[in-house]
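Notes follow the structure.
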There are 2 protein chains.
Amino acid sequence: MKKVKLSEIALAAGVSRATVSLALRGSPLIAKPTAERVRAVAERLGYVYNRTAAALRNRKTHTIGLVEANFKNPFFAAMSESVEREIEQRGKALLFVDSAESLQRQQKAIQLMLEHGVDGILLCPVRQTTQEDLGILVKAGVPFVLFSRYIPGFNTDYVGAANVEGAYQAVRKMIELGHRRIIFIGGEPYTSPWFDRVKGFKRAMEESGIELPSPWYVCSEVSVAGGASRVDEVLQMRPVPTAALCYSDTVAFGFMLGLERRGIHPGRDFAVVGFDDLPESRLWRPPLATLACPPSKVGSMAIRMLLERLDGEEGPPRRVEIQSELVQRDSLCPMWNT
Amino acid sequence: MKKVKLSEIALAAGVSRATVSLALRGSPLIAKPTAERVRAVAERLGYVYNRTAAALRNRKTHTIGLVEANFKNPFFAAMSESVEREIEQRGKALLFVDSAESLQRQQKAIQLMLEHGVDGILLCPVRQTTQEDLGILVKAGVPFVLFSRYIPGFNTDYVGAANVEGAYQAVRKMIELGHRRIIFIGGEPYTSPWFDRVKGFKRAMEESGIELPSPWYVCSEVSVAGGASRVDEVLQMRPVPTAALCYSDTVAFGFMLGLERRGIHPGRDFAVVGFDDLPESRLWRPPLATLACPPSKVGSMAIRMLLERLDGEEGPPRRVEIQSELVQRDSLCPMWNT
DNA sequence: TCCTCCCATTAGACCGATTTAATTATACAC
DNA sequence: GTGTATAATTAAATCGGTCTAATGGGAGGA
């Protein structure tokens, strides 16, 4: 199992190590016939390029770190896909960690990636993350881009959905359809998207002079189970809400399933709107109205911003918000007349 | 942004590079007070261990490659999670690629990982993969474990679900409940789990002397959309099937949504069984009967087998099948009486 | 023939940690 | 004081590419 290295190719081809190195990378310094011969020998010997050695010398690993907070969420899965696609195209590799909402795991992941010498990091910070927690990245001078979640007061590169506007839009529409008792359901509290969605929600209610129900939001894990787990609580409120803005489509799915189980028909007796526009949302019964913000856009924008930094882009931090568009579907029904 | 290295710590602590190296790794060769002093200096200077350099010297990167075929499938997401957990615990890193059912991408990923010098690889091969395609891994002597899918005739380490038995079990149950016109829905054809599930399906039908409908299976993408897209086709068959075994829970979800849209109630008018037992399956309306095979078990078994190989385990290839257990829920209803 | 210029090739230092073999310091016995 | 064993430390080679500066060889001009 001995690995073939440059010096062995050099020997076999009757040239020097330097020539082999240059030839294999297609340097114009090497004459065409020589390069061709070297390439053939390398192929014949089954040579595998050693990126570790090259990385040591170049101080560049061509590796990107991706730290997610919750990749069981299909939105993140879709996002990662587009990140991966871009990275693959450039012949780079992806170091991946799911911090699973644990600060400790996240910090360990960052440390690991620094030790591996990643060229840059894409990070969706867990909820308790402070500016100090990321100080190690700043000190190490490793470029990073936050995605989906930002850290209030910490001015960094960031890409995420237009959460305030999205939620605002949805609630305005609900009000326009006659709803007055509206509630916000699900999400990890004290993450920026949760906070911003709640903010847009509240703003729309207040602007219309509608009193907020009490409580006016309930939190949950971002999953079908999370949404389903809050149904009883909501139905026990008096007066009972008639509409819900859900933190995500998955939460909305769970909530709708829970409603149905209790004989309440979403899209007729209860209006539901989600966030994300997953591919299956339009297939649901009823089709789920939702705030569409393509995960692929978030992903490719984030990785592009990072790659620009790696190429030496020096400007001030950029904050990019991807537009959230309300997709009207049957689950967003008018208030029933009493 | 200059990086601190061992020699600088050595200088500051008044010892040699070798001492620093040993001290930081807690070697018993170094006297306690010295080690303590060195550690303090390293801390003060903000030293970050350079794994690239260590990897070059040690010929070991402490990195594992994970190549998935379709990680938008929630089953894989859950599986990856348990893999990650195990790897993290051991201070190793994960190089991740989603081949997205493309052989070309898969081969590129394998090449990349070899160049990065991963210690081992977990691979879910795309459908066209042949033994020759993985020859490069064998030649390079890099241990690998296949998961979820195997390659017929290629005797390697493998961990996956008990697909034949699972499908067999489900179909027997359907027959017991009075169903005769049963169809298999969804999945990527010519992957081993598809083939094995279809095989178990067929075996159960034949053993009971029931004629297979024509066609007796339809394929689809493994997703909600995939399942939904096959409903019309199935309902147009004559005689119309009364039960379906679906390739996965996601396919089953899509299929059930499609049935409902056409006014057919799964769990009453049509029996449906899935594969995987996703956390939301029990929450569905109706709750989805399914073949449970915990993704975390598959994942942790696969990574453990790989780690054993890395520790020098030399035995013959091991094939491990994780039991699939039929979870009876409302979607698996008896045949209605005509 | 000699000199210059240019192109192709190469020697050798380098990246930063690891480890072996050697050296120095310390302890203890005789 | 000498010798031996043991503990602590270190010099230097090493991992495998990369790249700069130097070398060699051939063409062309005078």
Side-chain angles (χ1 to χ4, degrees), chain A residues 1-39 41-42 45-63 91 93 112 114-119 140, chain B residues 1-39 41-42 45-63 91 93 112 114-119 140:
Chain A
M1 281 332 157
K2 264 257 308 324
K3 276 189 195 151
V4 180
K5 46 186 176 174
L6 289 193
S7 57
E8 279 147 49
I9 300 174
L11 197 66
V15 294
S16 74
R17 223 159 81 250
T19 303
V20 177
S21 175
L22 293 167
L24 290 184
R25 282 173 301 145
S27 160
L29 288 177
I30 304 299
K32 289 246 162 60
T34 314
E36 209 39 68
R37 189 156 44 90
V38 168
R39 242 187 293 275
V41 173
L45 298 183
Y47 172 71
V48 175
Y49 181 63
N50 183 334
R51 284 182 189 245
T52 304
L56 177 57
R57 170 68 219 230
N58 295 334
R59 299 133 149 279
K60 192 149 199 282
T61 57
H62 292 285
T63 284
L112 185 76
L114 288 179
E115 294 183 357
H116 267 283
V118 294
D119 299 334
Chain B
M1 278 337 154
K2 266 260 304 328
K3 276 189 195 155
V4 180
K5 45 186 177 174
L6 289 193
S7 56
E8 279 147 48
I9 300 174
L11 196 66
V15 295
S16 74
R17 229 160 72 245
T19 303
V20 177
S21 173
L22 292 166
L24 290 183
R25 280 173 302 144
S27 160
L29 288 176
I30 303 298
K32 287 248 165 56
T34 313
E36 209 40 67
R37 192 157 42 89
V38 168
R39 242 188 293 275
V41 172
L45 298 183
Y47 174 70
V48 175
Y49 181 62
N50 184 332
R51 284 183 189 243
T52 305
L56 176 58
R57 172 67 222 232
N58 296 334
R59 298 134 148 277
K60 193 152 198 276
T61 57
H62 293 286
T63 284
L112 185 75
L114 288 179
E115 294 183 356
H116 267 282
V118 294
D119 299 333

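Residue numbers start from 1 in every chain, and the chains themselves are labelled A, B, ... in the order their sequence lines are given, proteins ahead of strands.
Proximity of A/Y47 to the phosphate of D/dG17: a side-chain N or O atom is located under 4.0 Å from OP1 or OP2. Phosphate contact (OP1/OP2 of D/dT9, side-chain N/O of B/T19, threshold under 4.0 Å): absent. Dashed line: the shortest gap from a side-chain N or O of B/Y49 to OP1 or OP2 of C/dT18 is under 4.0 Å. Taking 4.0 angstrom as the limit, B/T52 places none of its side-chain polar atoms (N or O) nearer than this to OP1 or OP2 of C/dG16. Checking the phosphate oxygens (OP1, OP2) of C/dC14, no side-chain nitrogen or oxygen of A/N58 falls inside 4.0 Å. An OP1 or OP2 oxygen of C/dT18 is reached within less than 4.0 angstrom by a side-chain nitrogen or oxygen of B/S21.
Taking atom NZ of residue B/K3 and atom P of nucleotide C/dC14, one finds them 19 Å apart after rounding to whole Å. In this structure, A/L11 places its CG atom 16 Å from C1' of D/dG16, rounding to the nearest Å. Rounded to whole angstrom, the span from the CG atom of B/L22 across to the P atom of C/dA21 amounts to 15 Å. The nearest whole Å value for the distance from the NZ atom in B/K60 to the C1' atom in D/dG16 is 19 Å. Here the C1' atom of nucleotide D/dC15 and the NZ atom of A/K5 are 8 Å apart, to the nearest Å. As rounded to whole Å, 14 Å separates atom P of C/dA17 from atom NE2 of A/H116. When rounded to the nearest whole Å, the span between CZ of A/R57 and C1' of D/dT18 equals 5 Å. Note: CD (A/E8) to C1' (D/dG16) measures 11 Å, nearest angstrom.
The base of D/dG17 sits with one of its N or O atoms less than 3.5 Å from a complementary donor or acceptor on the side chain of A/R17. A donor and an acceptor atom never sit less than 3.5 Å apart when one is taken from the side chain of A/R59 and the other from the base of C/dC15.
In terms of heavy atoms, B/T63 sits closest to A/H116 at OG1-CE1, 3.3 Å. In this structure, A/V15 and A/T34 approach most closely via the heavy-atom pair CG1-CG2, 4.2 Å. Closest non-hydrogen pair, A/A13 versus A/V38, comes out as CB-CG2, 4.5 Å.
With D/dT18, C/dT18, D/dG16 as the candidates, the nucleotide lying closest to the side chain of A/L56 is D/dG16. Considering only the side chain of B/L6, C/dA17 comes nearest among C/dC15, C/dA17, D/dT10. Nearest to the side chain of A/S16, among C/dT10, C/dA8, D/dT9, sits C/dT10. Closest to the side chain of B/L29, out of D/dT9, D/dG17, C/dT9, is D/dT9. Of the candidates C/dG16, D/dC15, C/dT10, C/dG16 carries the atom nearest the B/N50 side chain, counting heavy atoms from C-beta on.
Residue-level contact check: A/I30 touches the backbone only, with heavy atoms under 4.0 Å from sugar-phosphate atoms and none from bases. Across all strands shown, A/A18 has heavy atoms under 4.0 Å from base atoms, whether or not it also approaches the sugar-phosphate. Within 4.0 Å of A/S7, counting heavy atoms only, lies no atom of the nucleic acid at all. Using a 4.0 Å heavy-atom criterion, one finds that A/V20 contacts no nucleic acid atom at all.
Between the A/R39 side chain and the A/A23 main chain, a donor and an acceptor come within less than 3.5 Å of each other. In terms of modelled atom types and a separation under 3.5 Å, the side chain of B/R57 and the main chain of B/A53 share no donor-acceptor contact.
Of the residues near DNA chain C, B/A53 and B/R25, the one whose nearest nucleotide (by heavy atom distance) lies more toward the 5' end is B/A53.
Considering only heavy atoms from C-beta on, B/K60 comes within 4.5 Å of B/D119 through its side chain.
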